[in-house]
Structure formats: structure tokens, C-alpha cells
Amino acid sequence: MWDMWKKSFDKWEDSTAKYLEHWMKSPLVLGPSGAMLTLVMKARAHAQEQRAKAWGDMGVATKRDQERTLHMLNQLQSRILDLEEKLDALNTSKNA
Amino acid sequence: MEHREAKRWTNLAGLFSRPKPKVGVTPADVVHRENKWRLLRYRPRPAGVAFRTPVLLVPSLINRHYVLDLMPGKSFTEHLVAQGYDVFCIDWGTPGPEDRFLSFDEIVDGYLGRALRLSARTAGAPNAHALGYCMGGLMTAIHATAHPERFASMVAVAAPVTFDDPGLLSRWSRTPTFDVDALVKAFGNVPWQLMQSAFHLLRPTLNLSKTVHLLDRAWDDEFLDGFLALETWGNDNVSFPGEAYRRYIEDLYRGNQLAAGTFSFAGKPARLEAITCPTLAITFEHDNIVPWQSAKLLVDRVSSPDKQWLHLHGGHVGAMVSRAAAKALWPQLVQYFAARDVPREAAPEVAREAAPEVAREAAPEIAREAAPEIARDAAPELAPDAGGPRPSNVEVRGHGNGRRRARSGR
């Protein structure tokens with residue numbers, strides 16, 4: 001009984017998935033979905049910009065400024081590691 | 001049969017109180033940390049490492065690395081370690097808000113390059129085997145276009161290379177109304193929840209189908225543990241660093257620049273034809289995340305004389321981590337690496353061989369002098385004209401059992 005039900009379920013699932021995939025790929029779905037997502041993202045970014053501007057006007061470092069500084073520190077760490085590797089390679093070739 | 005039914009309902013009743021399977025437990029040490037990523041080195045088997053060249057596993061940026069080390073008995077990493085390999089793995093970690101500025105080049109050129117160099121240096125080898133899974137395979141292939149000498153071999157598992165397929169992800173990414181800049185500006189790092197919902201849309205009935213499958217096999221404790229481990233991994237995702245995402249979508253998906261040959265990274269052109277290391281592309285028939293046609297292009301384009309394509313049944317994840325994979329795919333991968341390696345006992349011999357091998361990639365004029373000597377030494381029948389260059393379509397490599405054999409490219 002269960003095996004029969006399972007077989008018919010698998011058949012139904014496969015055909016439904018194919019149908020939904022076909023529907024999801026349609027420009028009629030993708031176009032408006034993309035536009036809606038973009039609209040929401042733009043509104044969110046605008047609100048963040050306004051908040052950052054308010055903090056900036058008070059002379060306080062914004063979240064973005066802090067993130068940029070932290071990223072630069074990470075980049076510096078990578079540069080130092082690059083130099084260490086080059087030094088190691090030089091020492092190795094010297095010893096060889 | 002009755003016992004099975006009783007077990008099914010007992011297991012289902014206790015599903016929520018069932019102890020979660022431990023994932024990613026193969027013992028490993030952290031050998032390097034940089035920003036959020038770590039390089040893990042798995043502890044060797046008690047008998048020690050048998051092969052000189054290490055294997056570096058490169059997982060996708062947006063999934064946890066332990067998909068390749070799911071749980072004891074279902075771990076590709078554990079399998080490699082048991083076969084005597086020195087195994088390294090990149091754990092990309094969790095990006096912080098400041099990583100919104102982390103570029104694709106920094107990851108592919110900087111971080112991946114360092115992982116390859118450190119793996120080789122730590123293992124005392126001239127280069128490393130690399131196995132990239134999904135996006136990890138794409139990043140590995142891009143890195144190999146500029147630095148093929150860093151690879152003893154490259155295996156790209158379900159790695160997208162061309163993005164003009166008719167799949168949902170490609171179509172969605174190319175939708176003109178979808179503004180990538182707006183997304184990155186609003187979120188910084190692209191939230192994993194957003195990406196996960198996009199993956200769910202690839203097969204909207206998947207959750208229902210999984211539930212039915214769970215009911216069907218709930219009597220099987222081994223299946224249940226594997227299922228829960230995979231679900232743990234599937235729901236433990238990582239956000240995509242913003243700048244890297246922008247480049248990934250704009251240049252790779254929308255521009256399809258890698259396939260077109262116009263992609264560049266860190267100021268270097270990334271042409272697949274420049275890949276000269278042994279290359280194996282693995283694709284899966286029912287992969288709806290990376291259609292196999294998108295991943296196969298790699299072997300069509302690389303100029304390595306030693307290139308292979310392995311096409312298997314199964315989906316994007318299951319075909320790599322399932323019981324069937326453990327029986328069929330993993331041993332093939334071990335053989336692939338072994339055929340391009342030599343046992344550790346033969347290390348001094350390797351050193352003599354490996355140096356010219358690297359040099360051939362880097363400085364052809366040195367290789368011209370050294371190669372005939374190696375060829376003569378290794379397989380006299382392949383080098384009748386020992387004074388001339390080695391035939392370009394024949395590679396001579398040490399074999400896992402210490403014998404030598406010729407490998408001709410497909």
C-alpha cells in the first residue's frame with residue numbers, strides 16, 4: 001500500500017517540480033520579481049544612507065567608515081603575510 | 001517487516017529528541033589563519049602519510065567546508081586520510097560586515113594562492129593536488145589559469161564554468177530588472193537566507209519530497225543519521241561577501257567572461273586554455289544547481305594533455321557525499337591522485353623528478369635540458385630521441401605502486 005502510494009507520489013512530485021520550474025523560469029515571473037527585489041533594496045539602501053548621513057553630520061564615523069578601515073587592516077595583514085612568504089623563499093634559496 | 005514498522009514509528013516519534021549527529025569531526029589542526037579563513041590540516045592515519053603530494057580541498061564560499069567531512073563513515077576527508085594522504089582543507093569562515101569590500105581577486109588570487117603554497121610547503125612537496133567543489137572548483141580553475149605550476153593535478157567537482165545555461169539560477173541572474181548593485185549596497189554581504197531561498201526555488205517540491213523520503217526510510221538508523229547530518233550542513237550556510245558577489249554575478253554569470261575568454265583576475269588574464277596541469281572534471285546527471293554541461297566545458301577548454309571527464313548519476317550534493325559515492329566515486333578519486341603521485345618512501349626520487357616538472361611550467365628553456373633525461377630515466381621506450389624534447393602529448397609520472405607508466409592525454 002505504502003509502496004504504491006510512494007510511487008504515485010514520486011510521479012506527482014516530478015511532474016509538479018517540472019511544471020513549477022517551467023513557470024518560475026518564465027520572464028513573466030522573473031521580471032516583476034527582480035523589479036520588486038530591486039525596489040526594496042533601493043529603499044533599504046536609501047534609509048541606510050540617510051542614517052549614515054545623520055551620524056556623519058555629527059562628526060561620528062559611520063558604520064561604512066568602520067567597515068572600510070577594518071577591511072584595510074585585513075588587507076595589511078595579507079600584505080605582511082605575502083612579505084613573510086617572500087622572505088622565507090629568499091632565505092631558503094640562500095641556504096640552498 | 002513488523003519490526004521495521006515498529007522501528008519506523010519509534011524513530012519518527014523520537015526524531016526531535018534524537019542526538020544530532022556530529023559533523024566535521026575528522027581530527028585536524030589549524031595551520032594558518034588569515035582574515036576569516038583558516039587552513040586545516042587533517043591528522044595523518046596512524047601508519048603515516050604514504051604520498052608526498054598533499055591534497056587541498058577547496059569548498060564553495062557559501063557552504064561550510066564539512067560537506068566533505070560530513071560524519072564518520074560518510075566523510076571523503078576521512079577516506080583520503082585513511083588512504084595515506086596529507087589532506088588540507090580551506091574553511092572560508094563567516095564573513096564579517098567589513099568583508100563586504102572583500103574582492104573576488106583577493107579570494108581567488110590571494111587566499112587560494114596562499115592555501116596552495118602553504119599546503120605544498122607544509123607537506124614538503126613542490127605542489128599540491130587540488131579538489132574544488134562547486135564554486136570552489138570554479139575558483140580553483142580560475143587560479144590554475146595563472147598558476148598551473150602550483151597544481152600536481154586539479155579536480156573540479158560540479159564546478160560551473162559557463163553560465164549561459166537555461167537553468168533557473170542563470171536566468172534569474174540575467175534578469176535585467178534584478179539590480180546586483182542595489183542588493184550589495186543594501187546588504188553588504190549577500191545574506192545566506194536570500195541565497196538559500198533561491199536554491200529552494202530550484203525545486204519547490206524538494207522539502208515535501210524530503211519529508212516523504214524520510215517517512216519511507218525512517219526505520220534505517222544509518223539513513224536517519226546521514227539525513228540529519230546533511231540537513232545540519234544544508235541549513236548552516238554562509239553569506240556571500242558583497243564585492244565578490246557583484247563580480248561573480250556581473251562578470252561570470254551575466255558576462256559569461258570565463259567561457260568567453262575575457263575574464264581576468266588580479267591583473268592577469270584567466271584563459272582556460274592556459275591550464276596545463278592534469279585536470280579532471282566531474283559532473284552529475286541530475287545536478288540542478290550546476291547543470292553538467294556548464295561544468296564539462298572545463299575539460300573541453302584546458303590544454304593539458306592529461307584531462308578527463310567523469311559523468312555520474314546523482315545530484316549536486318548526494319553524488320558527492322552518499323553511500324554510493326563512498327563506494328564508487330571516492331576510490332576513483334584516490335586512484336586519480338595516486339596515479340599522479342609517488343609513495344612517500346620514494347621521496348628522494350620525487351625531488352629529482354618534481355623540480356624539473358615545476359621548472360617545465362615556469363621556464364621552458366630549463367625543462368628542455370632536463371626533460372629528456374627524466375624521460376630516458378623513467379621510460380626508455382618513450383624517449384627514443386633522448387636528446388630532443390619530450391613528446392608533448394605524453395606525460396611520464398610516478399605511479400602509486402612505485403612503477404612508472406605512460407599516460408597519454410585524451
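The chains referred to below are lettered A, B, ... by the order of the sequence lines, with proteins before strands, and numbering in each begins at 1.
- Residue A:W12 touches chain B through its side chain alone, counting heavy-atom pairs closer than 4.5 Å.
- In this structure, chain A has no heavy atom under 4.5 Å from any part of B:R174.
- Checking A:L73, A:L70, A:T69 one by one against B:E98, the side chain to side chain contact (heavy atoms under 4.5 Å, CB included) holds for a single residue, A:L70.
- Side-chain atoms of A:R44 and B:F187, non-hydrogen and from C-beta on, do get closer than 4.5 Å to each other.
- At distances below 3.5 Å, at least one donor-acceptor pair connects side-chain atoms of A:K25 with backbone N or O atoms of B:P166.
- Of the listed residues (A:Q66, A:Q75, A:K18, A:H46), the one with the most heavy-atom contacts under 4.5 Å to chain B is A:Q75.
- B:E106 and A:S78 share no donor-acceptor pair across their side chains, judged by distance under 3.5 Å alone.
- With contacts defined as side-chain heavy-atom distances shorter than 4.5 Å, the pair B:R100/A:R64 qualifies.
- Residue A:L37 touches chain B through its side chain alone, counting heavy-atom pairs closer than 4.5 Å.
- Sparse packing is recorded around NE2 of B:H313, with 12 or fewer heavy atoms of other residues, nucleotides or ligands lying under 6.0 Å away.
- Summarising the geometry of B:T205 relative to A:A17, their closest heavy-atom pair is OG1-CB, 3.4 Å, with the distance given to 0.1 Å.
- Counting heavy atoms from C-beta outward, B:L168 and A:L30 have side chains that approach closer than 4.5 Å.
- Contact between A:K6 and B:V212 at its shortest, heavy atoms only, is CD-CG1, 3.7 Å.
- A:E85 has its side chain within reach of B:R114: a pair of non-hydrogen atoms, C-beta onward, lies under 4.5 Å apart.
- The 12-atom threshold is exceeded at NZ of B:K210, counting heavy atoms of other residues, nucleotides or ligands nearer than 6.0 Å.
- Residues A:N74 and B:D99 form a side-chain contact, since some pair of their non-hydrogen atoms from C-beta on lies under 4.5 Å apart.
- Interface residue B:T175: only side-chain heavy atoms are found under 4.5 Å from chain A.
- When every heavy atom of B:A186 is checked against every heavy atom of A:Q48, the shortest pair comes out as O-NE2, 3.0 Å.
- Note: A:R68 leads A:M72, A:K42, A:R68, A:M36 in heavy-atom pairs under 4.5 Å with chain B.
- Contact annotation for A:L20: only side-chain heavy atoms (C-beta onward) come within less than 4.5 Å of a heavy atom of chain B.
- Looking only at side-chain heavy atoms (C-beta outward), B:L215 and A:W2 come within less than 4.5 Å of each other.
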(request) Check step by step if side-chain contact (heavy atoms from CB on, under 4.5 Å) holds for A:H71 and B:L102. (result) CA-CA 7 Å; A:H71 178 63; B:L102 187 64; 4.1 Å; yes
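- Contact of the B:R121 side chain with the A:D88 side chain is registered, since non-hydrogen atoms from C-beta on lie closer than 4.5 Å.
- In the displayed structure, A:W55 atom CH2 is contacted under 6.0 Å by at most 12 heavy atoms of other residues, nucleotides or ligands.
- In this structure, CG in A:D14 is found 9.5 Å from OG in B:S209, a value given to the nearest 0.5 Å.
- Looking only at heavy-atom pairs under 4.5 Å with chain B, the residue among A:P27, A:A45, A:A43 that has the most is A:A45.
- Only the side chain of A:Q77 comes within less than 4.5 Å of a heavy atom in chain B; its backbone stays farther off.
- For A:S33, the parts lying under 4.5 angstrom from a heavy atom of chain B are both the backbone and the side chain.
- Highest contact tally toward chain B, considering only A:T16, A:T92, A:D82, is held by A:D82 [criterion: heavy-atom pairs under 4.5 Å].
- When all heavy atoms are compared, the tightest approach of B:T177 to A:G31 is OG1-O, 2.7 Å.
- Atom OG1 of A:T38 is separated from atom CG of B:L183 by 8.0 Å, given to the nearest 0.5 angstrom.
- Looking at A:E49, the atoms closer than 4.5 Å to chain B (heavy atoms on both sides) all sit in the side chain, from C-beta outward.
- For A:M58, the CE atom counts as densely surrounded, since its 6.0 Å shell holds more than 12 non-hydrogen atoms of other residues, nucleotides or ligands.
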(request) Begin from the C-alpha positions of A:L81 and B:H32 and carry the test side-chain contact (heavy atoms from CB on, under 4.5 Å) through to its verdict. (result) CA-CA 11 Å; A:L81 288 167; B:H32 179 74; 3.7 Å; yes
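- B:L208 touches chain A through backbone and side chain together, each having a heavy atom under 4.5 Å away.
- For B:R203, the part lying under 4.5 angstrom from a heavy atom of chain A is the side chain only.
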